[in-house]
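Have a look at the structure below, then the notes.
Naming: A, B, ... by sequence-line order, numbering from 1 per chain.
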2 protein chains.
Amino acid sequence: MSARVARGRKPASRRSDEQSAHSHQRTRSDHASELAEDYVELIDDLIAETGEARAVDLARRLGVTQVTVTKTIERLKRDGLATSEPYRSIFLTPKGSKLAVEVRERHKTVLEFLRSLGVPAKDAELDAEGIEHHISPATLAAMRRHLRANA
Amino acid sequence: MSARVARGRKPASRRSDEQSAHSHQRTRSDHASELAEDYVELIDDLIAETGEARAVDLARRLGVTQVTVTKTIERLKRDGLATSEPYRSIFLTPKGSKLAVEVRERHKTVLEFLRSLGVPAKDAELDAEGIEHHISPATLAAMRRHLRANA
DNA sequence: GACTATTCTTAGCCTGTGCTAATATCCAGC
DNA sequence: GCTGGATATTAGCACAGGCTAAGAATAGTC
Ligand SMILES: [Mn+2]
Ligand SMILES: [Mn+2]
Ligand SMILES: [Mn+2]
Ligand SMILES: [Mn+2]
């Protein structure tokens with residue numbers, strides 16, 4: 001059948017194996033930062049829109065319970081992205097604010113790009129929320145080029 | 001400052017909150033199926049390339065340990081996507097095979113699409129591995145249109 | 001057919017991200 | 001200034017998906 005079975009030889013660790021492993025590792029790493037990115041973006045939005053970011057509002061926009069939000073905020077605090085006092089609303093550190101700006105910018109670009117491809121608004125919004133976290137600088141630049149070219 | 005603070009009025013659950021929550025829910029749901037998709041695609045690849053899919057090969061291509069692979073295969077079996085006997089290699093059920101074909105096709109489209117945008121091969125491969133799981137049928141169709149138009 | 005290197009399994013651990021139930025605090029309206 | 005409803009916290013649970021260490025089974029080589 002196959003070369004493998006015919007020879008009884010295992011192909012050791014090949015170049016393409018490492019390439020493939022690297023892609024999956026990048027995806028896992030993207031997912032590790034994903035929640036933090038969405039939270040800081042949302043906290044920044046809420047402060048801009050309503051003057052403050054409260055757990056109950058975050059929960060409503062994320063579709064999770066308040067308890068889940070509170071626990072996640074604890075991780076954000078641990079990672080130096082947010083601050084909060086008991087029973088008070090949530091704030092971003094400078095590091096968190098900076099991340100929020102970058103993330104919002106990238107999110108907007110991805111959304112506009114999908115729209116420019118002719119994807120219906122509803123689908124574009126759903127897809128962008130997930131896609132945004134897997135966009136390398138190279139791909140972001142390519143999307144911007146495409147938007148400029150089709151302006 | 002804000003309307004919220006000035007009025008002391010909470011804006012209840014607004015339409016846009018639900019829209020936003022829906023996007024995040026879709027992303028979480030994508031992630032729940034993501035690992036299964038990558039596994040069946042990889043198992044199918046390995047069977048085609050080498051005649052069989054073994055845990056050690058999956059581990060190498062995914063960049064995780066064999067133990068992690070074995071545990072994940074258990075979940076795939078539970079979900080009716082794969083089968084395996086102790087100390088034997090891994091097979092796909094008809095359901096798993098069907099999924100593998102769809103996933104590979106979508107993966108290829110995303111990769112070609114990114115390449116067609118001018119993204120360098122290396123970056124395109126890294127990004128496609130994550131992006132592929134967040135592509136709605138509408139976006140997939142748009143990518144195909146774009147590829148056909150720029151053929 | 002025995003030996004050894006590879007592979008697979010089992011047990012046990014950890015973190016992240018979700019949940020419910022129960023309790024505590026806060027604040028708006030009276 | 002009380003108080004009821006909204007909000008936040010705490011405790012405890014579950015599952016996914018990662019890991020290491022130790023031992024068992026398999027298979028290629030002599
Ligand atoms: Mn976002
Ligand atoms: Mn997102
Ligand atoms: Mn993938
Ligand atoms: Mn993702």
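Donor-acceptor pairing under 3.5 Å is recorded for the side chains of B:Asp127 and A:Thr139. With 3.5 Å as the limit, one finds a donor-acceptor pair spanning the side chains of A:Thr68 and A:Thr65. A side-chain N or O of B:Lys77 and one of B:Ser84 form a donor-acceptor pair less than 3.5 Å apart.
Contacts of A:His146 classified as ring pair (Phe, Tyr, Trp, His ring centres under 6.0 Å), with partners at least two apart in sequence or in another chain: A:Phe113, B:His146. Partners of B:His134 according to the ring pair (Phe, Tyr, Trp, His ring centres under 6.0 Å) rule, which considers only residues two or more places apart in sequence or in another chain, are A:His134, B:His31. Under the rule for a side-chain contact (heavy atoms from CB on, under 4.5 Å), the partners of A:Ile43 that lie at least two apart in sequence or sit in another chain are A:Ile47, A:Ala53, A:Leu58, A:Ile73, A:Leu76, A:Ile90, A:Leu92.
In terms of modelled atom types and a separation under 3.5 Å, the side chain of B:Ser89 and the main chain of B:Arg54 share no donor-acceptor contact.
Using a 4.0 Å cut-off between a side-chain N of Lys or Arg and a carboxylate O of Asp or Glu, B:Asp79 and B:Lys95 do not qualify as a salt bridge.
In this entry the distance linking CD of B:Glu34 with P of D:dG18 reads 10 Å, nearest Å. Per the geometry, CD1 belonging to B:Ile73 stands 15 Å off C1' belonging to D:dA16, to the nearest Å. Between A:Arg54 atom CZ and C:dC27 atom P there is a gap of 8 Å when expressed in whole angstrom units.
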Within the sub-3.5 Å range, which N or O atoms of nucleotides 9-11 of chain D have a protein N or O partner, and how far apart are they?
| from | atom 1 | to | atom 2 | distance (Å) |
| --- | --- | --- | --- | --- |
| D:dT9 | OP1 | A:Tyr87 | N | 3.3 |

Distances for protein N/O vs nucleotides 14-17 of chain C N/O pairs under 3.5 angstrom?
| from | atom 1 | to | atom 2 | distance (Å) |
| --- | --- | --- | --- | --- |
| C:dG16 | OP1 | A:Arg78 | NH1 | 3.2 |
| C:dG16 | OP1 | A:Arg78 | NH2 | 3.2 |
| C:dG16 | OP2 | A:Arg78 | NH1 | 3.4 |
| C:dT17 | OP2 | A:Arg75 | NE | 2.9 |
| C:dT17 | OP2 | A:Arg75 | NH2 | 2.6 |
| C:dT17 | O5' | A:Arg75 | NH2 | 3.4 |

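Taken from OG in B:Ser23 to NE2 in A:His107, the straight-line distance is 7.0 Å, to the nearest 0.5 Å.
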Quick one, A:His24 with B:Glu129, criterion side chain to side chain contact (heavy atoms under 4.5 Å, CB included). Give me CA distance, side-chain angles, the key distance, then yes/no. CA-CA 7 Å; A:His24 288 285; B:Glu129 196 58 72; 3.3 Å; yes
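Relative to the axis of its first five pairs, the axis of the last five pairs of the helix from C:dG1-D:dC30 to C:dC30-D:dG1 sits at 10°, rounded to 10 degrees.
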